[in-house]
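Structure first, then comments.
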Amino acid sequence: MLKFSTLTLPVIASLALSNASWAEESLPSTNENKEQTSNLVSSEQAGYSFSRQTVIDLAKALAAEPMKAPQKAAPELINLDADTYRQINFQQNQAVWGEAPTQFSIQLFAPGFLYQDLVEIDAVESGRAYPIKATTDSFVTPNENISKLIAELGKFAGLRLHYPINTDDKKDEFIVFQGASYFRAISKGQKYGVSARGLAVDVAQPKGEEFPMFRHFWIERPSSSQQAIVVHALLDSKSVTGAYRFGIFPGSPTRIEVESTLFPRKDLAHVGLAPLTSMYMFNNTMDDSPSADHRAAVHNSEGLQIQTGQGEMLWRPLTNPDNLQISAFMDESPQGFGLIQRQRQFSAYQDLEALYQRRPSIWVKPLNDWGKGHIELVEIPSQSESNDNIVAYWQPEAPLKKGQPFEYSYRLTLTNDTPVLSGQPHIVRSAVNRSSSEPQLVIDYEDLSVSTLESLQVDASISQGRIVDTKLVANPYQQGVRAFVTFDPAEADTAEIRLQLKQDNKPLAETWLYRWTGE
């Protein structure tokens, strides 16, 4: 049976996720040169034999020794300000496989500004890997000195892949690997929002978080008929190394199948598998919105969805707390979890630039048995929508042991909603009325057809205080019902509320979870 626990802590300054600050404006734009005349694959080297085992062997060998710090960009590049860095634009006529008979192409990111660590990137063709090298022609830059510095380093800060996901005649950027082990992707019609990363280590721990990095990538060239691409990555940090294989299927929706083999350098008691990172500022149906803000909501994700090992669906609205909050959802063999952006109408956000209604949801489905553990949700106080303050991941119950390889796999799906709930009754809106001494919750259910409301029951409980009243009314605008729950939190600073909508004592939809705070 799934158990729920929660912890509220003072804010820890070291938890500011600077590596997760994915303000879209910080990404350099591509040069619009339409020529496709060359690529950056080194023709001077014969290459070397490559397979997935190559990465596994490298990760295993690295784990036997202390981590060696990655090579850094030149100080002149690290000291660039954001505006100057944005002017370093990749030359589209240098795209790897730009002229090749494949629908995919690779473009690169220059080192500098926040992206100090140099990353090696190889193209793989016919079982052989060829290093991709930066030259003075790789980027359009503000001055010749920057071009020269990048060429002298010969390496990059990350990569992005292009494929025609929206129209047949244009290759769209659809996935980015840049910064530590972070990556983010979109499906057709979406706009970047939530991020994923390879591994989370010591999140929200007093000693500070460790950020593993992908220090080497290998991209396999697809044939002209293939609609998927494979990327391999070597992960490295002080505590662990890893070999990753990403099978990437762009489209509607985009899917990413991840296979990972980890090699701990020491015992790891607090490790997060399939970590997700997002931003939540406010939603004025649930929170007290900023008085100076005209928008109805600001978030890349609005809720944590969980499908437990027993098949129960949980929905937990996100919050931007006053103090760091950590919630643990105990489970065994989870079937899935994700950070979901459910509202898809402009009116829900009223933001003409950010277009939060187009931000993707992301769903994690384990492809092997993950055993016992818990899904951990970390909510960090934030005053800026440019910083990610939400983290969710699976933490195994048993620590990872030094010298013992750990294998796991999962699928990421970039959807508009929870994929396993398509066409099923589910919660579409949550609201809190704080205007009286006895607050009231309002929860809307969609795709729910019942003959009479009298056949339904609201099963509500609260950890502190008491449930005063529950009521159900029909909601024809959602083709469902609306539940009202009035409660008295008494003198409690926080209280955990759980609600299930039932018929004949059987759940009809997701279980709704909420943490009431008395601010």
Side-chain angles (χ1 to χ4, degrees), residues 2-9 15-17 19-22 180-185 193-205 209 211-212 256 258 260 270-281 283 299-309 312-321 324-331 334-342 359-366 370 373-382 387-397 408 410-415 417-421 496 510-515:
L2 181 139
K3 298 180 180 179
F4 171 77
S5 66
T6 182
L7 178 65
T8 301
L9 301 174
L15 287 173
L17 300 181
N19 284 317
S21 299
W22 285 100
S181 68
Y182 287 87
F183 61 99
R184 57 181 184 165
V194 64
S195 297
R197 47 177 160 156
L199 194 68
V201 178
D202 290 336
V203 176
Q205 297 302 295
E209 182 172 355
F211 289 92
I256 307 168
V258 185
S260 175
H270 200 278
V271 62
L273 309 185
L276 310 176
T277 303
S278 193
M279 178 275 293
Y280 181 94
M281 287 295 293
N283 185 324
H299 49 69
N300 285 335
S301 305
E302 64 185 281
L304 170 67
Q305 187 91 64
I306 299 173
Q307 186 176 25
T308 72
E312 182 182 9
M313 297 297 299
L314 306 178
W315 176 253
R316 163 66 154 74
L318 297 175
T319 188
N320 182 0
L324 174 71
Q325 292 189 156
I326 304 172
S327 304
F329 303 83
M330 312 300 179
D331 200 8
Q335 297 184 38
F337 70 95
L339 294 176
I340 307 301
Q341 185 79 323
R342 186 152 283 169
R359 306 297 172 110
S361 299
I362 189 166
W363 182 251
V364 177
K365 177 179 174 56
W370 285 8
H374 66 267
I375 292 165
E376 190 154 292
L377 172 66
V378 180
E379 296 165 300
I380 304 168
S382 176
N387 293 324
D388 286 342
N389 64 322
I390 303 295
V391 187
Y393 51 81
W394 172 260
Q395 181 172 321
E397 180 181 78
Y408 63 102
Y410 57 98
R411 178 185 300 122
L412 294 172
T413 306
L414 283 300
T415 63
D417 204 335
T418 311
V420 292
L421 285 178
E496 302 293 340
E510 307 153 277
T511 300
W512 188 86
L513 304 175
Y514 179 65
R515 178 181 296 121

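These numbers come from the heavy atoms of this one structure, side chains and all, not from hydrogens, waters or symmetry mates.
Side-chain N/O atoms of T511 and E312 include a donor and acceptor closer than 3.5 Å.
Remark: T418 OG1 to F337 CZ distance equals 12.5 Å, nearest 0.5 Å. Interatomic distance, CD1 of I380 versus CG of N387, reported as 9.5 Å (0.5 Å rounding). The distance from atom CZ of R197 to atom OG1 of T277, rounded to the nearest 0.5 Å, is 4.0 Å. In this structure, S327 OG and L513 CG are separated by 9.5 Å, a value rounded to the nearest 0.5 Å. For the atom pair CZ (F329) and CG (L304), the distance works out to 5.5 Å, reported to the nearest 0.5 Å. Rounded to the nearest 0.5 Å, atoms CE (M279) and CG (L318) are 11.0 Å apart.
For Y280, the ring-ring contact (aromatic ring centres under 6.0 Å, His included) test picks out H299, with sequence neighbours left out. Every residue meeting the side chain to side chain contact (heavy atoms under 4.5 Å, CB included) condition with S361, not counting sequence neighbours, appears here in chain and number order: I340, Q341, R344, T415. Under the salt bridge (charged side-chain N to carboxylate O under 4.0 Å, His left out) criterion, E379 pairs with R316, R515, sequence neighbours left out. Looking at residues two or more places apart in sequence or on another chain, you find a side-chain hydrogen bond (donor to acceptor under 3.5 Å, both in side chains) between Q395 and H270. For S278, the side-chain hydrogen bond (donor to acceptor under 3.5 Å, both in side chains) test picks out S301, with sequence neighbours left out. Considering only residues two or more places apart in sequence or on other chains, R411 meets the salt bridge (charged side-chain N to carboxylate O under 4.0 Å, His left out) condition with E257.
Between A200 and Y393, the shortest heavy-atom distance links the atoms CB-CD2, 4.4 Å. D331 and T308 get closest at one heavy-atom pair: OD2-CA, 3.1 Å.
The shortest side-chain heavy-atom distance between W315 and L421 does not fall under the 4.5 Å cut-off. With a 4.5 Å cut-off on side-chain heavy atoms, I256 and F183 count as touching. When side chains are defined from C-beta on, N320 does not count as touching I390, because their heavy atoms never get closer than 4.5 Å. Side chains of L339 and R359 form no contact here, defined as non-hydrogen atoms less than 4.5 Å apart. At least one side-chain heavy atom of Q305 sits under 4.5 Å from a side-chain heavy atom of R342.
In this structure a side-chain-to-backbone donor-acceptor pair under 3.5 Å is missing from E209 to D202.
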